Every structure is written in C-alpha cells, then in structure tokens.
S.K.: 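Handing you this structure, nothing more for now.
This is a predicted model, so every value here is computed, not measured.
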Amino acid sequence: MANLKIKKGDTVVVLSGDDKGKKGKVIATSPKERKVIVEGINIVKKHVKPRRQGENGGIIDVEGALYADKVALFCDKCGKATRVSYKVEDDKKIRVCAKCGENL
C-alpha cells in the first residue's frame, strides 16, 4: 500500500469531476482507500436520523470523499497545481513543488 502524497491541512485543486478547478483544504485522508475529504468540495446529501429525544433529523449537506488521484497539491509560490517531489535535508525528507522547488 503506497502512502498518499497529500496530507491533512494541504490546499488542493480538483482535477476532474463536477468540482473541477475548485480549491479547498484537506479535512481528512484515508490512505487505505486512497481517498481524501476536501472542505467545500463534492457536497452530498446525508439523511440524519434523530438520535436523542428532542433532536432533529433531516437532510444535511456534507463533504463526500473523493479519490486522491483526482486532486493535485496547490503551490502558493507558482499559483497552480503541482506534483510532489522530495528532497533530503539534514536527514529529513521534505516535500517540495516539482515545478519551482518551493517547500510545501
């Protein structure tokens, strides 16, 4: 199982689908399923049942998971989507932008 190059808190750009071109922050990742949940992207309706007395049920909007292959990391310096490259400094592996070499 390969590790995801996208981590929680990263800003990503959606590459395909209904939300193509939109930017958002990664809320959660699921490396086993190779999926990510991005803030404000892939909004789906969820039916919620009231769990306690007096609590309301209904239909709410939540972010759905999407495959990590459908998103690319956003580089602030370049201002566009980029692949992730790695560089070793002081025995530490650092993620860098493949286009400009800026630390991510």
S.K.: For the hydrophobic clusters of this structure (ILVMFWY residues joined by side-chain heavy atoms under 4.5 Å, transitively), does one cluster hold both I60 and V44?
M.R.: yes
S.K.: Please round to the nearest 0.5 Å and tell me the distance separating atom SG of C100 and atom CG of D76.
M.R.: 9.5 Å
S.K.: With side chains defined as the heavy atoms from C-beta onward, is the minimum distance between L73 and K5 less than 4.5 Å?
M.R.: no
S.K.: Nearest 0.5 Å please: distance from the CD1 atom of I94 over to the CG atom of N103.
M.R.: 5.5 Å
S.K.: Does K35 use its side chain to pair, donor to acceptor, with the backbone of G64 at less than 3.5 Å?
M.R.: no
S.K.: At their closest point, which heavy atom of L4 faces which heavy atom of K7, and how far apart are they?
M.R.: O-NZ, 3.0 Å
S.K.: Please name the pair of heavy atoms, one in E63 and one in I37, separated by the smallest distance, quoted to 0.1 Å.
M.R.: CB-CG2, 3.7 Å
S.K.: Using atom types as modelled and distance alone, determine if a side-chain donor or acceptor of R95 lies under 3.5 Å from a backbone N or O of V84.
M.R.: no
S.K.: For the OG1 atom of T29 and the CZ atom of R34, what is their distance to the nearest 0.5 Å?
M.R.: 11.0 Å
S.K.: Which heavy atom of P50 sits nearest a heavy atom of E55, and at what distance?
M.R.: CB-O, 3.1 Å
S.K.: Which pairs with one or both residues in residues 36-46 pass salt bridge (Lys or Arg N to Asp or Glu O under 4.0 Å), sequence neighbours excluded?
M.R.: K45-D61
S.K.: Give, for atom CG of D18 and atom CD1 of I43, the distance between the pair rounded to the nearest 0.5 Å.
M.R.: 12.0 Å
S.K.: Indicate yes or no for a side-chain donor-acceptor contact from D19 to the backbone of N42 under 3.5 Å, with no hydrogens or angles considered.
M.R.: yes
S.K.: Within this structure, what is the NZ-SG distance for the pair K99 and C75, rounded to the nearest 0.5 Å?
M.R.: 9.0 Å
S.K.: Quick one: are I41 and L66 in side-chain contact, heavy atoms under 4.5 Å?
M.R.: yes
S.K.: Grab the two heavy atoms, one from I6 and one from V26, that are nearest each other, plus how far apart they are.
M.R.: CG2-CG2, 3.7 Å
S.K.: Which of these passes side-chain contact (heavy atoms from CB on, under 4.5 Å) with F74: T82, V12, T11?
M.R.: T11
